[in-house]
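See below for the structure under consideration.
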Amino acid sequence: MTEVVDRINDVFVDAGCQGWLRAQPIGRDAPVVDVGGTEPVVAASVYKVIVLVALARAFDAGQLDPRASVRVVPADCTPGPTGLSLFSDPVTLSWWDLARLMITLSDNAASDVILGALGLAAVEAVIEDLGLTCTRVVGGTAALQRQIIHDSGALTLPEAVGLLASNNTIHDSAAFDPAYTTATSGADIIAVLNGIWAGTVATPDTCSTMRAILAQQIWPHRIRSGFPFADVMVAGKTGTIGPIRNEAAVVEMPGETPIAVAVFTRAARSDVFLPVVDAAIGRAAHLAVTELRAWLD
Amino acid sequence: MIRHLRYFVAVAEHRHFGKAADSLGMTQPPISQGLRRLENHLGLQLVERGPAGATLTEAGAALLPRARLIVDDSTRLLSEAAQLFGGLQGVRWGAIPQLDDEILARCVRALRGASDSAEVPVATVTKGTAALLADLRRGDLDIAVVAHPAVIAELSAGPVLTLDRKVVLPIGSRAAEAKNPRAQMLRGLALACAPREDNPPAHDVLLDALRRRGLDPAVHPASTHREVSAAVAAGQCFGVATTTAAVHAGTVHRRMLVEDVALRVRIVAAPGRDLAELIYALDRELLRVGP
């Protein structure tokens with residue numbers, strides 16, 4: 001086990017990032033591959049998995065109707081690189097489809113609409129109930145964006161992102177510090193995924209829909225890049241903010257116990273695009289999952 | 001444990017993570033992570049983290065006096081030990097090979113002048129960034145000048161200092177002869193530079209900047225200016241050099257791609273020690289070399 005930890009650390013060093021990783025089979029406490037997996041880390045959009053659970057519980061409790069139509073006006077939305085905020089005209093869709101956008105392409109607008117309907121307290125209730133000791137959600141994506149704009153001394157989000165992407169100066173932000181921003185840990189987020197896969201965090205039917213949505217995620221550059229096999233399911237959620245690149249996913253080989261793996265990184269470089277770190281997340285996840293498969297065999 | 005208690009006391013006194021970090025000469029993330037570890041270890045929440053700052057919980061307030069005693073006692077232990085053994089036993093510092101001999105000597109002179117006790121020895125090592133950071137973490141070095149960007153993690157580093165560099169070219173090569181040398185004129189030459197494993201992120205930043213300009217040079221390992229000059233004089237490579245580096249036979253130094261090839265460094269100090277004088281001395285010297 002120590003050998004795989006060394007190899008995972010080498011992968012992070014080669015990619016020029018700090019890395020935290022945890023992997024364990026669904027439905028079991030052991031074996032575990034752990035590289036700082038119980039330390040608090042910046043969650044970025046990985047927190048949307050917890051919002052998904054809170055939404056599922058609101059459906060189960062009858063507080064929201066999953067098939068109800070929601071009208072979203074793009075101009076009023078939290079901006080983001082993907083999803084509804086890019087649209088030119090208002091759209092109407094169901095709560096489940098909003099959740100699908102939030103998870104599959106990390107749609108910030110959809111997430112903040114959902115969070116607005118649920119309230120932060122509903123998300124905190126999930127955190128409390130599942131005993132996620134390192135996890136805290138300070139607000140939606142709009143709140144994170146305000147943090148970044150404030151700390152970089154910029155006036156607008158694009159200006160802030162431009163300042164923060166420079167390698168020529170240090171621009172730190174509270175949004176990159178787990179003590180101040182939305183944070184979690186590898187162990188915490190795996191507990192959430194475990195509950196979704198075991199069908200215990202909500203009713204079995206709702207959990208089944210959540211699993212289906214997580215498996216529809218579109219991003220192939222992180223954990224999926226470590227498992228480029230058509231018959232292997234990688235159901236997960238990425239998170240990206242400034243130097244932070246994360247993904248938590250369940251990897252399922254046909255006929256084997258599914259394995260949950262969470263990788264969190266913080267790059268030394270500030271560049272907006274760092275394929276070397278994205279690939280390292282896939283490589284590290286692959287090393288951890290391969291180690292666990294050998295133990296489970 | 002004592003280190004984490006020190007963080008806790010500082011946060012309690014300043015009611016603010018950033019101010020606590022400043023008072024300890026550190027950055028915020030290691031403070032907040034250290035405190036979080038202490039809380040996990042004790043199984044108690046000590047500090048309430050809010051947007052306005054940090055306030056003590058009931059448990060935190062109850063434990064603060066004892067934490068203060070321990071921290072004060074450990075400070076006393078360290079200062080008594082320092083008195084017994086004559087304080088700083090000399091300055092152990094390190095620099096990356098990209099700093100040329102002249103800059104290195106100026107930094108040594110500055111460090112020597114910075115210590116109050118007149119004749120403390122200054123020991124210098126030249127290593128890649130990753131190796132220097134490992135030495136700092138082990139306590140084998142007091143202070144180092146490393147390349148930026150690098151994975152600094154829990155160490156405390158100063159701001160980014162930019163040192164101008166010129167492109168070192170073989171005499172007679174296209175860029176060496178041109179009135180206005182351009183990136184494209186470097187085509188066909190390999191880049192003589194420190195190996196990637198010295199510090200992958202800074203190496204990648206330089207290579208990516210060249211790729212952005214339409215160059216994709218092969219890399220020839222050459223760490224010091226001596227090695228770079230030898231590789232360039234052989235005719236198949238170009239390199240980069242700080243402005244005070246000697247121009248050797250068979251090579252020309254040209255000012256081009258200024259932003260792309262500038263050397264960016266940070267001063268990193270060993271944790272938990274007061275090295276402000278040394279940091280200031282190095283900082284002033286490197287700013288003088290400047291862009």
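Here is the naming used below: chain letters follow the sequence lines, and residue numbers restart at 1 for every chain.
Partners of Ala249(A) under the side chain to side chain contact (heavy atoms under 4.5 Å, CB included) rule, at least two apart in sequence or in another chain, are Ile223(A), Val234(A), Glu247(A). Among residues two or more places apart in sequence or in another chain, the side chain to side chain contact (heavy atoms under 4.5 Å, CB included) test is passed with Ala183(A) by Pro178(A). Scored by the ring-ring contact (aromatic ring centres under 6.0 Å, His included) test, Phe176(A) finds no partners at all (sequence neighbours excluded).
Heavy atoms closer than 4.5 Å to chain A are found in the backbone of Ala150(B), but not in its side chain. Only the side chain of Val276(A) comes within less than 4.5 Å of a heavy atom of chain B; its backbone N, CA, C and O stay farther away.
If you take CG on Leu286(B) and CD1 on Ile103(B), they are separated by 7.0 Å, rounding to the nearest 0.5 Å. With rounding to the nearest 0.5 Å, the separation of OG1 in Thr238(A) from CG in Asn246(A) is 8.5 Å. Between atom CD1 of residue Ile267(B) and atom CG of residue Leu282(B) there is a gap of 5.0 Å, rounded to the nearest 0.5 Å. Distance CG/Asp112(A) to OG1/Thr141(A): 4.5 Å, rounded to 0.5 Å.
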Tabulate, with distances rounded to 0.1 Å, every donor-acceptor pair spanning chain B and chain A at under 3.5 Å.
residue	atom	partner	partner atom	Å
Asp14(A)	O	Arg196(B)	NH1	3.4
Asp14(A)	O	Arg196(B)	NH2	2.8
Asp14(A)	OD1	Arg196(B)	NH1	2.7
Glu39(A)	OE1	Arg37(B)	NH2	3.2
Glu39(A)	OE2	Arg37(B)	NH2	3.4
Asn167(A)	O	His148(B)	NE2	2.8
Asn168(A)	OD1	Arg264(B)	NE	3.3
Asn168(A)	OD1	Arg264(B)	NH1	3.4
Asp177(A)	OD1	Ser32(B)	OG	3.1
Asp177(A)	OD2	Gln28(B)	NE2	3.3
Tyr180(A)	OH	Phe17(B)	N	3.3
Arg269(A)	NH1	Asp208(B)	OD2	3.0
Arg269(A)	NH2	Asp208(B)	OD2	2.9

